[in-house]
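Every chain is numbered from 1, with letters handed out A, B, ... down the list of sequences.
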Number of protein chains: 2
Amino acid sequence: MEYQEAKEKFISTWGSLGSLWGINKAMAQIQSLLFISTSPLSMEDIMKELKISRGNTSMNLRQLMDWGIVTKELIPGERKEFFTTEKDVQELARHIAKERSRREIKPVIKVLKEVSSIKDDGNEKTKELIKQTKALHDLAETADTMMNKIVNQEQNWITKSLLKLIK
Amino acid sequence: MEYQEAKEKFISTWGSLGSLWGINKAMAQIQSLLFISTSPLSMEDIMKELKISRGNTSMNLRQLMDWGIVTKELIPGERKEFFTTEKDVQELARHIAKERSRREIKPVIKVLKEVSSIKDDGNEKTKELIKQTKALHDLAETADTMMNKIVNQEQNWITKSLLKLIK
DNA sequence: ACAAACTTTCAATAATTATTGAAAGTTTAA
DNA sequence: TTAAACTTTCAATAATTATTGAAAGTTTGT
């Protein structure tokens with residue numbers, strides 16, 4: 001497999017995986033492109049490479065910046081803006097996990113908390129709803145905590161000891 | 001909040017979370033409904049409760065069975081089929097993690113392996129592609145392994161000791 | 001202050017994905 | 001073997017989501 005083919009394969013695969021971490025295809029592809037680029041890219045570069053429109057590129061770059069995984073790079077003497085992505089996979093994972101938790105998991109945990117806290121009126125169905133949503137709440141909270149802690153700090157130490165523990 | 005409201009809130013919230021674990025809304029809502037039901041439900045029950053068509057119900061139930069989290073229940077004397085979902089959250093998480101890994105993560109890991117194994121032609125861009133996809137491959141593999149191991153066996157012991165470790 | 005170089009916005013449109021419903025298929029009981 | 005009771009399939013349609021492109025907005029150099 002040659003460079004060009006490998007590059008395209010990477011961008012398209014990683015892009016289609018976008019759904020796994022909750023972002024759309026264009027967003028994921030732009031990030032992929034930046035991730036393997038040896039230098040910052042301009043909007044023009046990205047449009048041409050991925051064959052997407054200016055508007056699309058602009059909107060998705062903004063979203064990537066909101067996620068905190070792409071930053072503007074000012075290149076002296078250049079009028080246009082250039083972009084880079086976080087190149088360290090650990091940092092990348094940290095950002096993604098954090099955003100995912102904030103945007104999706106935390107709100108769901110909040111609802112589970114509310115629902116599992118309704119008054120027990122003695123009815124069998126109410127009891128079941130409370131019991132099951134409580135169990136889900138505890139699971140979601142544990143998973144969220146684990147994910148964040150693992151990914152957040154001392155990641156090398158903890159990952160290594162963890163892997164030893166469970167492998 | 002009364003039972004009915006809490007129930008609807010749970011189903012709609014958990015349903016919208018479907019995207020997080022890679023299933024569609026109807027599928028997630030059917031699973032939610034079964035999850036808090038005190039007895040197996042028929043297709044008729046599900047259609048009426050969620051206001052979705054017979055075809056939709058049938059297709060999504062099948063998918064849920066493919067995922068291994070919903071099973072047919074035969075009720076003596078009844079002609080129609082009844083359905084239940086796995087009620088234990090740990091088991092549920094295990095199934096979901098396993099399927100998610102098999103369907104989405106493993107194939108991506110395979111591509112990352114391929115792409116990161118292309119011949120180094122000495123070009124700077126090729127070197128970067130190899131380096132970055134290798135890093136991603138290792139991260140993805142570690143994450144996948146961890147997720148599966150954690151969720152798979154001795155989960156109670158490991159989760160508890162893990163939480164102590166990182167909390 | 002002007003205009004060139006660039007970016008953003010957003011209504012229109014395209015592409016994708018989910019849902020319906022009715023016909024075809026299957027199972028069961030008599 | 002028939003027909004009632006039920007489930008599945010799938011082409012048509014609806015709903016949702018992504019993308020375009022051109023007009024409006026912004027910044028910078030002269």
Pairwise side-chain contact, A/V108 with B/W14, heavy-atom cut-off 4.5 Å (strictly under): yes

Rounded distance in Å - CE (A/M59) to P (D/dT17): 15 Å

Between B/I52 and A/M65, which is nearer to the 5' end of DNA chain C once each is assigned its nearest nucleotide? A/M65

Does the distance from a Lys or Arg side-chain N to an Asp or Glu carboxylate O, for A/K9 and B/E114, drop under 4.0 Å? yes

Note: A/R54-A/E44 ion pair, threshold 4.0 Å (strictly below): yes

Distance-only donor-acceptor test, A/R79 side-chain atoms vs D/dT27 base atoms, 3.5 Å: yes

Separation of D/dT19 atom C1' from A/M27 atom CE, nearest Å, is 15 Å

Output yes when at least one side-chain N/O atom of A/R54 is less than 4.0 Å from OP1 or OP2 of D/dA22, else no. no

Nearest-Å distance, CD (B/E81) to C1' (C/dT26)? 10 Å

Nearest-angstrom distance from the residue atom CG of A/N24 to P of D/dA18: 5 Å

Closest to side chain of B/R62, choosing from C/dT7, D/dT7, D/dT9: D/dT9

For D/dT26, the Watson-Crick or wobble partner whose two distances fall under 3.5 Å: C/dA5

In whole angstroms, the gap separating C1' of D/dT8 from NZ of B/K72 amounts to 10 Å

Between B/K125 and B/E128, does at least one N-O distance fall below 4.0 Å, as a salt bridge requires? no

Go nucleotide by nucleotide along DNA chain C from the 5' end; which of A/N56 and A/K25 gets its closest nucleotide reached first? A/N56

Roughly, in whole Å, what's the span from CG in B/L74 to C1' in D/dT7? 14 Å

In whole Å, I'd like the distance from the CG atom of A/L61 to the C1' atom of C/dT7. 11 Å

Rounded distance (Å) that lies between atom P of C/dT19 and atom CE of B/M47: 14 Å

Is any side-chain N of the basic residue among B/E124 and B/K127 closer than 4.0 Å to the acidic one's carboxylate O? no

Nearest to the side chain of B/M43, which nucleotide is it out of D/dG21, D/dT8, D/dT9? D/dT8

